[in-house]
Amino acid sequence: MRIQDDFHETYAVVLDGYHSFCIWLDQKSATWRTSKHALIDADALDQIIGKISLIEPSV
């Protein structure tokens with residue numbers, strides 16, 4: 001779910017078996033960041049980012 005954020009392209013992520021967390025695209029470094037308490041496998045995170053990238057291209 002996309003979240004209104006004036007500074008970053010930000011999404012709330014809710015997965016079964018996990019707490020919800022946020023991910024956002026840091027425009028300066030062109031790197032996706034996650035909430036510091038998001039304990040999720042890096043491969044799973046890459047899949048989530050890939051799906052987001054397909055739905056809404058970066059601005």
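Nothing here was measured: the structure is a model prediction, and the numbers come from that model.
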Subject >> Pair Ile48-Ile40, side chain to side chain contact (heavy atoms under 4.5 Å, CB included): steps then yes or no >> reply: CA-CA 11 Å; Ile48 293 166; Ile40 186 167; 3.9 Å; yes
**OP:** Please examine the side chains of Trp32 and Glu9, heavy atoms only from C-beta on, and report whether any two atoms are closer than 4.5 Å.
**Re:** yes
Original post:
Do the non-hydrogen side-chain atoms of Ile49 and Ile23 ever get within less than 4.5 Å of each other?
Top reply: yes
Original post:
Could you state the interatomic distance from CZ (Arg33) to OG1 (Thr10), rounded to the nearest 0.5 Å?
Top reply: 13.0 Å
Original post:
Taking all atoms of both residues into account, what is the closest heavy-atom pair of Ala30 and Leu25, and its distance?
Top reply: C-CD1, 4.0 Å
**OP:** Using a 4.5 Å cut-off on heavy atoms from C-beta on, say whether the side chain of Thr31 contacts that of Trp24.
**Re:** no
